[in-house]
Amino acid sequence: MNPEEIKPTDFIREAVAEDLKNGRFKAVRTRLPPEPNGYLHIGHVKAFMIDYLIAKENGGELVLRFDDTNPTKEETEFVEAIEEDARWLGIEWVKVTYASDYFDLLYAWAQKLIMAGKAYVDDQTAEQVTANRGTLTEPGKNSPFRERDVEENMDLLERMKNGEFPNGSRILRAKIDMAHPNINMRDPAMYRILHEHHHRTGDKWKIYPLYDWSHGQNDSMEEITHSLCSLEYENHRPLYEWFLEQLGVFKPRQIEFARLNMNYTVMSKRKLRRLVEENHVSGWDDPRMPTLRALRRRGFTAEAILDFIRKVGVAKNYSISDVSLLEACVRDDLNKNSLRRMAVIRPLKVVIDNYPENQTEEMDAVNNPEDVNTGTRKVPFSKVIYIEQDDFQEVPQPKYYRLFPGNEVRLRYAYFIKCTHVLKDDKGEVIEVHATYDPESKGGNAADGRKVKSTIHWVSANHAQEVEVRMYDRLFTKENPEEGDEGFLGCINPKSLEILKGFVEPSLASAKTGDRFQFERLGYFCVDIESKPEKLVFNLTVNLKDAWAKIEKKNG
RNA sequence: UGGGGCAUGGUGCAACGGCAGCACACCAGCCUUUGGAGCUGUGGAUCUUGGUUCGAGUCCAGGUGCCCCAGCCA
């Protein structure tokens, strides 16, 4: 599926269509404004797709603009990572720009505002500025420096720029209204002094613009028509528009939507960073993380993620999407598109007593029942096989119809077998199951037409390859990890990673990093980046739906 | 208590004054060489109180609940 096939309708698309119809804008240009200070996660995808698709659907353009106004936090490393992740999603842009590309012009615009008496240099300390801002219910107080004349303001700003003053000693502020009910309008800061090296402009600048003074102006300079952002910027829209009106420049339209939240995970950069830095996960690409690199490593496809984003929709409601919808999307994609293989991840040995000692047969197995074009393969069968521990019960629970003493089941693509007896160790654990097979049932159907209730998967002990299987579960045990006293670190799921040694059929020997398969009756798996030909490593992407697990749960 | 925003099944999103619908989840059945997939079906929602209207989830008024804003972060 191509991203452009995803065409939902929503209030933003309606607004854009209206703007085109009534002539407010003649074409559509949107921008993607990531701050290069972290890796992209699934929450970003929603915003990215809104920006990308709305431009695309309207025959417009998307600009990828890195919001690099804070040199203390941003790094080039993230610029590359973000571009790579966005490309993986299939997003296309007409050009890459940086907020820092516009520092010179922006400075000139600030001077323009000073000349118009709309901005001033404030010498108050940060504490004083805060104290004089007022509160939610009380108005603020004017700064004693608010009425400085134009010449002095121009001179001071120039000297701030040249590095004559230490960090924090002065700021440039817009002159609006200290009594405004919207706190963002109480003479917001435009420039702060920061003697910092910038990843692109080096040491040229000693002052850096703040978001409110940079973003809208950059939008205007690039003639962005629709500046789409999350709900928390709704309070900033009056300021966004004020600057543009004072300047008398091209005025884009800002529209806000609810960002993506998901249960059983955390999305904030700060929290994700803690997970990494405190070693709760192995890194930014640990398959349990919600980052795009992690999801990719885990085996999620871009198509599945895009499908999820489409199904989640766009609205202004604060909402928390269900991670099970994401899982449903990836199952849906992988069901249609992944090759089936047999693997046993919790092995139990089965000896077929009446099968010839040194015989091997090659069984025909379907590669993907959802896509006959993928053909078949051969799977070796012999006297000793492994089956899943779950597929045998010495004393069967109600409704359990897999293997148990006296019961007959089908070995997928092989024979019917019937359990005769078991061998146990000192502790009474079943360590070996014995069975007999029906030679007349080769391929999986009995000559006399009798039926079995269950089909189980298997691998031939002598032919199987031992592999590592990493079973993942949700990183947190609580739907909302942020709530409660212990915080998100207090509800990390101790079983979010389980490393198993399993056996896979021989055809998997040549599997390469990134290859995806369905291990029949278990789930979808992806070859990990740490996999080597002599030691294959598979990650669980998502399990198959498990009807038996539900019955078991109901049974208690 | 100032300002801005949002309230529809369990979750997310539709319905633009005219039979409240879709997806995921849930439940039941059919089918099945994956207890997968597929197919069929059931149940379940308009925050509240008034008003306008032949008719209100939608319009109006009041109430309630939740989210955002007092960084020289974005």
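- Backbone-only contact: A:Asn317 has heavy atoms under 4.0 Å from sugar-phosphate atoms and none from a base.
- Heavy atoms from other residues, nucleotides or ligands lying under 6.0 Å from NZ of A:Lys141 number 12 at most.
- Among the protein residues, A:Lys269 comes within range of no part of the nucleic acid, since none of its heavy atoms lies under 4.0 Å from any strand.
- Paired with A:Trp205 under the rule ring-ring contact (aromatic ring centres under 6.0 Å, His included), one option of A:Tyr191, A:Tyr102, A:Phe103 passes, and it is A:Phe103.
- Residue A:Tyr233 is classed as a base contact, given a heavy-atom separation below 4.0 Å to a base.
- Within the 4.0 angstrom heavy-atom criterion, base atoms lie near A:Tyr400.
- Distances were taken from every side-chain heavy atom of A:Thr130 (C-beta onward) to each of B:G3, B:A7, B:C72; the shortest belongs to B:C72.
- For A:Leu210, the listed nucleotide lying nearest its side chain is B:C73; candidates were B:C69, B:C73, B:C13.
- Checking the phosphate oxygens (OP1, OP2) of B:U32, no side-chain nitrogen or oxygen of A:Thr455 falls inside 4.0 Å.
- Taking atom C1' on both nucleotides, B:G62 is separated from B:C69 by 26 Å, rounded to a whole Å.
- In this structure, A:Ser319 reaches the sugar-phosphate backbone alone: every heavy-atom distance under 4.0 Å involves primed, P, OP1 or OP2 atoms, never a base.
- For the OP1/OP2 pair of B:G12 and a distance below 4.0 Å, the side-chain nitrogens and oxygens of A:Arg310 include no atom meeting the criterion.
- Remark: C1' of B:A74 and CZ of A:Phe66 are 15 Å apart, rounded to the nearest angstrom.
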> For every nucleotide of nucleotides 21-26 of chain B, 5' to 3': is a protein heavy atom under 4.0 Å from its base (B), only from its sugar-phosphate (S), or from neither (-)?
Replying inline: --SSSS
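- Put simply, CD1 on A:Ile456 is 16 Å from P on B:G36, counting in whole angstrom units.
- Within a 6.0 Å sphere centred on NZ of A:Lys399, heavy atoms belonging to other residues, nucleotides or ligands number 12 at most.
- Regarding A:Asp307, its CG atom lies at a distance of 13 Å from the C1' atom of B:G12, rounded to whole Å.
- Going from atom CD of A:Gln124 over to atom C1' of B:G71 covers 15 Å, rounded to whole Å.
- A search for salt bridge (charged side-chain N to carboxylate O under 4.0 Å, His left out) contacts involving A:Lys206 returns nothing, not counting sequence neighbours.
- An anti base is found at B:G41: its glycosidic angle is more than 90° from 0.
- Here the side chain of A:Ile183 is nearest to one of B:U1, B:C69, B:G35, namely B:C69.
- Across all strands shown, B:C19 has no partner, as no Watson-Crick or G-U wobble contact with both distances under 3.5 Å is found.
- Among the nucleotides B:C13, B:G3, B:C73, the one closest to the side chain of A:Pro181 is B:G3.
- As the counterpart of B:G41, B:C27 is assigned, both hydrogen-bonding distances of the Watson-Crick or G-U wobble pattern falling under 3.5 Å.
- In this structure, of B:U34, B:A74, B:G2, it is B:A74 that holds the atom nearest to the side chain of A:Tyr211.
- In this view, A:Lys550 satisfies the side-chain hydrogen bond (donor to acceptor under 3.5 Å, both in side chains) rule with no residue, not counting sequence neighbours.
- Taking side-chain N and O atoms only, A:Arg340 has no distance below 4.0 Å to OP1 or OP2 of B:U34.
- The CG-P distance, from A:Leu522 to B:G35, rounds to 10 Å in whole Å.
- Considering only the side chain of A:Asn235, B:C69 comes nearest among B:C69, B:G35, B:C73.
- Here A:Leu194 lies out of heavy-atom contact (under 4.0 Å) with every strand.
- The side chain of A:Ala126 approaches B:C72 more closely than any other nucleotide in the set B:G36, B:C72, B:A28.
- Among the atoms of the strands shown, base atoms are found under 4.0 Å from some heavy atom of A:Asn445.
- Results of the side chain to side chain contact (heavy atoms under 4.5 Å, CB included) test with A:Ile456 over A:Arg402, A:Met342, A:Glu520 single out A:Arg402 as the only residue that passes.
- If you check every strand for non-hydrogen atoms under 4.0 Å, A:Arg133 touches sugar and phosphate atoms only.
- Contacts of A:His236 with the nucleic acid, taken as non-hydrogen atoms under 4.0 Å apart, include base atoms.
- Taking only side-chain atoms of A:Arg521, from C-beta outward, the nucleotide of B:G35, B:C69, B:A74 with the closest atom is B:G35.
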> Going through the distances and angles, do A:Arg148 and A:Asp123 end up as a salt bridge (charged side-chain N to carboxylate O under 4.0 Å, His left out)?
Replying inline: CA-CA 11 Å; A:Arg148 277 222 255 245; A:Asp123 300 357; 2.4 Å; yes
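- A:Pro369 comes within 4.0 angstrom of a nucleotide base, judged by non-hydrogen atoms across all strands.
- In this structure, A:Met190 atom CE and B:C72 atom P are separated by 14 Å, rounded to whole Å.
- The side chain of A:Thr69 places an N or O atom within less than 4.0 Å of a non-bridging phosphate oxygen (OP1 or OP2) of B:A74.
- Using the six-membered ring where Trp is involved, A:Phe503 and A:Tyr386 have ring planes that are parallel, under 30° apart on the 30 and 60° scheme.
- In this structure, CZ of A:Arg402 is placed 13 Å from P of B:U34, rounded to the nearest angstrom.
- Within 4.0 Å of A:Tyr191, counting heavy atoms only, lies no atom of the nucleic acid at all.
- Between A:Phe519 and A:Phe525, the ring-plane angle classifies as parallel under the 30° and 60° cut-offs.
- Atom C1' of B:G4 sits at a distance of 23 Å from the matching atom of B:U8, rounded to the whole Å.
- Distances from the side chain of A:Glu234 to the nucleotides B:G36, B:G35, B:G5 place B:G5 closest.
- Heavy-atom neighbours of A:Arg259 CZ from other residues, nucleotides or ligands within 6.0 Å: at or below the threshold of 12.
- Residue A:Arg13 has no polar side-chain atom (N or O) positioned under 4.0 Å from OP1 or OP2 of B:A14.
- Ring planes of A:His198 and A:Tyr208: parallel class, angle under 30° (limits at 30 and 60°).
- Comparing B:C30 with B:G35, their C1' atoms sit 15 Å apart, to the nearest whole Å.
- Taking the C1' atom of each, B:U42 and B:A7 are spaced 29 Å apart, rounded to whole Å.
- A 3.5 Å limit on both hydrogen-bonding distances identifies B:G65 as the Watson-Crick or G-U partner of B:C6.
- When the P atom of B:A14 is taken as reference, atom CD1 of A:Ile12 falls 10 Å away, rounded to whole Å.
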